[in-house]
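This report concerns only the one structure given below.
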Amino acid sequence: MEAATELGLDRIDLVGMYRNMLLSRSVEERGRTLFKQGKIPGSFYTGLGNEAAAAAVGTAMGPDDVGAVIHRNTGVHLARGTEPWKILAQFMGREDAPSRGRDGNVHFAEFDLGLITMVSHLPAMLPVATGCALAFRIRQEPRVAIGWFGDGSSARGDAHEAMNFAGTRQLPVVFVCNNNQYAYSTPTRLEYAVDHLAARALAYGFDGVVVDGTDLLAVYREARDAIEKAREGGGPTLIESVTLRLEGHGIHDDASYVPRELFEEYEDRDPIERFHRWLVEHAAFTDDEQRTIESEIKELLSEAVKRAEASPEPAPETLLDGVYAPHDVFETPHFS
Amino acid sequence: MEAATELGLDRIDLVGMYRNMLLSRSVEERGRTLFKQGKIPGSFYTGLGNEAAAAAVGTAMGPDDVGAVIHRNTGVHLARGTEPWKILAQFMGREDAPSRGRDGNVHFAEFDLGLITMVSHLPAMLPVATGCALAFRIRQEPRVAIGWFGDGSSARGDAHEAMNFAGTRQLPVVFVCNNNQYAYSTPTRLEYAVDHLAARALAYGFDGVVVDGTDLLAVYREARDAIEKAREGGGPTLIESVTLRLEGHGIHDDASYVPRELFEEYEDRDPIERFHRWLVEHAAFTDDEQRTIESEIKELLSEAVKRAEASPEPAPETLLDGVYAPHDVFETPHFS
Amino acid sequence: MPELTYLEAIAQTLRQEMERDERVFLIGQDIGAYGGAFKVTNGLQEAFGEWRVIDAPLSETAIVGGCTGAALMGMRPIAEMQFADFVSCGWDQIVTVAAKQHWRAGTPIPIVIRLPSGGGFAGGPFHSQNPESSFAHIPGLKLVCPATPSDAKGLLTSAIDDPNPVLFFEHKHLYRRVRGEVAESRFTVPIGTARIEREGNDATLVTWGAMLHLAVEAADALVEDGASIEIVDLRSILPWDRDAVLASVEKTSRLLVVHEDTRTAGFGAEILATVAAELFEHLDAPPRRLTAPDCPVPFAPSLERRFLPQVEDLVTALRELLAY
Amino acid sequence: MPELTYLEAIAQTLRQEMERDERVFLIGQDIGAYGGAFKVTNGLQEAFGEWRVIDAPLSETAIVGGCTGAALMGMRPIAEMQFADFVSCGWDQIVTVAAKQHWRAGTPIPIVIRLPSGGGFAGGPFHSQNPESSFAHIPGLKLVCPATPSDAKGLLTSAIDDPNPVLFFEHKHLYRRVRGEVAESRFTVPIGTARIEREGNDATLVTWGAMLHLAVEAADALVEDGASIEIVDLRSILPWDRDAVLASVEKTSRLLVVHEDTRTAGFGAEILATVAAELFEHLDAPPRRLTAPDCPVPFAPSLERRFLPQVEDLVTALRELLAY
Ligand SMILES: Cc1ncc(C[n+]2csc(CCOP(=O)(O)OP(=O)(O)O)c2C)c(N)n1
Ligand SMILES: Cc1ncc(C[n+]2csc(CCOP(=O)(O)OP(=O)(O)O)c2C)c(N)n1
Ligand SMILES: [Mg+2]
Ligand SMILES: [Mg+2]
């Protein structure tokens, strides 16, 4: 527990993050089932293997901080308070989903909870995250923006421009790389030619750190430090969180291009099991507690499925609503 | 002379590069006069202060190497064999100019001499240079591509994507940054947050070097080494050549935003004078030789002005020629 | 009312809006101490400090994306492209992120991108373009192209007020050449509303930006022929004022669209297509376009004269239209 | 002749051209061992090695710019965008460098960019777009949109032969749904030539890509009304076959353009504008467009059905056109 206490985390926090990871995986597993049942149109993606990193960074964020999420970040949504039924409704393209059926699968975020909806084009939201940080800096607010990206998307110009600009102005932004060793089928050696993407930070005038993304507390520590540093005017940090994508890119992909040994290497580094072991060892986490959480999640999810399925398909005549924001959009209490 | 001999340069080479610098400055000065006389439409840019870097890299290139030039690179054109009258005709927008009046000022290159015409959008030609190197690698040819860029344009995504891709495939390309400390009015501290852009190379998996761009032989050494390394399969290099832009961004700009002290600091680092001193000291360069070159250049330039002025303005009815390359374009002996 | 140049009208608006609304800030290359490539922002950094007039690196993507993020956080960013041409480097951020975000996620993106555009001074292929037509195909964007100092002020104010991404095409050739009365106090010109520059009965000429001034000259010339030309200054390209154009053509039965941008799939096509579909019964002559030809903007003056529509070309086109 | 799917026709062409011409190479994301997101390049890396089938980083700008450079050095590069939508990230390299380089500098840029495009499977706003209209405004580019396996082969062969940058829009929805006879040996279909899918006298329907198949269904339905519809499969958008369209409309006197891309400033506008200007005397009804509405492509099937033109919509539009 000491390591955790040092981080300002009490047992409730720890179990909360553990629950987040379990819930995250359960939501995604339920999504997979729904997809196979033909209830989710289009395609389907999960963050299998990224649960610790998502839960940790999502939890380390302050209440007024904002984040530009990407796919593989279900735990971030949960940490900020998105209800599971909304995520399932999103996958299913329903009217009450965050994107109201206009966009699908992982392309959503609840703005009221401080998250910003991603576009597919990776990593186009990094300049946007930098822009959020710019607003905080201009107004001298103690707020921080988080921008996520993947190992693959690090290759695009948007990553560079966002980081370079953030560096020149030492903006309060933390760049979090979910390095899961693959971009679709492409291994990192074809994406970049350095050992660690964290090295990029040095070229932009801020710090870069590499962290084992399967180790929840380690990620939490780095995220918290980076966020607090940014909040205090210390400028950006690039956190490279190394994991392995534990399945294919999407549900259609069997990941046969990933060497079996690599999967084996990560077998006992499943972030959830790993933190479960830690909790048992250091926080006397009991089987009873585990069962309680599991059954709670089970119930939550069957409720979620019901509620998501109860949400109607978007009405065709609403198609053109909101192509333009109306003039009084900022006067309405809730515009998301 | 020893330093030069070691580099494989004999006296003729050295005087040749010196002449290149003098000619480069003279062509640009003549351009300035023509501009003031109203004979050059649009705007006018020079490479004042960059003469050594341009001459050195242009000379270090092998005959089959190619380069994607930028503005400030008059000496590269001269080193590859572009005749001064063509440059003046280019400035004037005449029919016999490399761009035949379609494009202006520095937007030209003679493809037959191994150079590629820049676009304004900086540094959009870096991915193109990487692509040239890719062709060489695919065909296993011992050729090298050079891609130039400025300190300011290093901030754009194109620089990143070009270098990162070149790194992953260890392509035979040398990236040369003409770091003249300003991007238009913007000082480097607002362009990037590191001491040296050469540091970027480390983030891309190849070497970066910083060189004093006012020291002709130093630049030559780095360029030659990098080019030969690339030719032998050693991959890319980023050369950061540090100079000072000795006047405004263009002729309309008085550079009043550059601190006077900075100009003073560079006063005795004028690359041409500096190499003149070196030649006198180490190669017994005489006043006679100087006078000969000067009068030769003078004559060359008055011929050049005449020839450029004799070239007609492009005929309006040719406007649409070449929007599309004709099907047999590759069968014609010369397509540039 | 005081007379201002087109450029002064823009500069005055920026200053007024910054004074009025703390959320407004400017970002672009060399816009601070230097005052911008065209000096539109001259003096503003001195007045508002370097966190409200921000010198950006050479990074159009970071500039546009940065504006989007700042807007999401409640600011009202105004970006300057050094030349409109360079907006191609921010294309993805504009069309993929900013244009679609409200429809997809319900979050408005109130940003303004200022684009010094247009040719006429040997700027060549990359300092002379009018890229409005490419963006006109992107739902979610608003595009304005003021032709007069007063409209420049009124439309810029509206653009800043607007909760959507607005591309503000300011024609470089008008900066110092066009003067006009501009009310000192704040006012708006609604986006999406055309202006009847001059009433007429014999033909409708629809145009925007710098071409408006050629249209006036051409219409003057036609007066000698005894013809009266109605000139519709479209002002906004997205949304465009269909009603005003249709009403005018319904009256005159003849249409000529003039634009400085190139022809194929240029915005003139949309106007002709709409008029042909909607006013089939009312047309007395085929609707016509007069535009730049399909090639990059040339540098050499001899070529650029040929490229840009000239007053004589307008006069000829109008005469042909009337003679049909 | 063997029957192939649309996808097989493309795959076969890539293989044949690579066998025939050493200068041809492929570059894109996940196109190597994985065979591409749609498996179009399956097996090609095994056959030709990793320097002829190059897995690129997630870098559309490096891919397009890299192709331009390689083309300048004598190669014949073919880039794959993983989805057509992502071409927005290579926009500047295409419109600023590749499209203008021959006109500006005399150096041809023979590159092909393959763009899996189109909707119909809940791909949402970023995996369903038909971005051809934005590019149609850029002189120097060629754009092709094959609708059949045979045209896919013939046009891809022509694209590879062409000394200009060609954007090859391959419709994802056709990949495995459309089969047809395709000659085994190499052949070309000229870029810029439309194909009369079916002759008719009462109206002309111009379309391309996946919409062609809806057009056929709609025309079949109209047969019951006793109406004969001429279907022009445009195949190329830039250059487009004005003569074929004008000849057909001159015969039928009625025009409907159908496209999957959105309406405003979509390429349909160019066709209507041209027809209205050129065939004013020949039209018996206003020229019409049937297109997707002006919004992003929606994800939810209920919305996407509304967004995409449906056979019923075509039938209704044709009936209205004929009834005029
Ligand atoms: C600009 C762009 N090009 C291509 C794609 C298609 N694509 C979707 S995900 C993906 C791989 C992303 O890899 P990475 O950034 O490592 O994230 P991961 O999926 O591995 O978490 C690709 C190529 C895209 N989304 N955006
Ligand atoms: C994408 C893009 N944006 C803006 C410009 C306008 N511009 C022309 S030169 C210049 C400064 C370039 O600085 P640097 O790269 O350092 O080259 P230098 O002129 O100092 O040699 C700018 C901003 C441009 N050419 N390209
Ligand atoms: Mg990855
Ligand atoms: Mg510079």
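Sequence lines set the chain letters: A, B, ... in the order given, protein chains first and strands last, and positions in each chain run from 1. Since the structure is predicted, the reported quantities are computational estimates derived from the model, not experimental observations.
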A:E161 side-chain N/O to C:P57 backbone N/O, donor-acceptor pair under 3.5 Å: no
Heavy atoms only: give me the nearest C:A62-A:P127 pair and the separation to one decimal. CA-CB, 4.3 Å
Side chain, backbone, both or neither: which part of C:P239 has an atom under 4.5 Å from a heavy atom of chain A? neither
Counting only heavy atoms closer than 4.5 Å, note whether A:R169 contacts chain C via side chain, backbone, both or neither. both
Rounded to the nearest 0.5 Å, what separates atom CE in C:M75 from atom CZ in A:R139? 5.5 Å
To the nearest 0.5 Å, tell me how far A:L134 CG sits from C:W51 CH2. 6.5 Å
Is it the backbone or the side chain of A:H160 that comes under 4.5 Å from a heavy atom of chain C, or both, or neither? neither
So, do A:V128 and C:Q101 sit near enough that their side-chain heavy atoms are less than 4.5 Å apart? no
Flag if over 12 foreign heavy atoms under 6.0 Å of CD, C:E19: yes
At a 4.5 Å cut-off on heavy atoms, which part of A:A129 comes close to chain C: side chain, backbone, both, or neither? neither
Enter the distance from A:M125:CE to C:T96:OG1 here, rounded to the nearest 0.5 Å. 10.5 Å
What part of A:F136 gets within 4.5 angstrom of chain C, counting heavy atoms only: side chain, backbone, both, or neither? side chain
Heavy-atom check, side chain of C:D162 versus side chain of A:H327, under 4.5 Å: yes
Checked A:R137, A:E141, A:M118 vs chain C; the most non-hydrogen pairs under 4.5 Å come from A:R137
Without swapping roles, check the side chain of C:R52 against the backbone of A:I138 for a donor-acceptor pair under 3.5 Å. no
On a heavy-atom basis, the closest approach of C:A70 and A:A135 is CA-CB, 3.9 Å
What part of A:M163 is in contact with chain C, defined as an atom under 4.5 angstrom from a non-hydrogen atom: side chain, backbone, both or neither? neither
In terms of heavy-atom pairs under 4.5 Å with chain C, which of A:L171, A:N164, A:L319 leads? A:L319
Out of curiosity, C:M73 CE to A:I116 CD1, how far, rounded to the nearest 0.5 Å? 4.0 Å
For C:N164 versus A:A325, what's the shortest heavy-atom pair and its separation? OD1-N, 2.7 Å
Are any non-hydrogen side-chain atoms of A:H121 and C:V97 less than 4.5 angstrom apart? no
Using atom types as modelled and distance alone, determine if a side-chain donor or acceptor of A:Y324 lies under 3.5 Å from a backbone N or O of C:L141. yes
As an exercise, state the distance from CG of C:L72 to OG1 of A:T117, rounded to the nearest 0.5 Å. 9.0 Å
NE2 (C:H102) and CG (A:D321) are apart, to the nearest 0.5 Å, by 10.0 Å
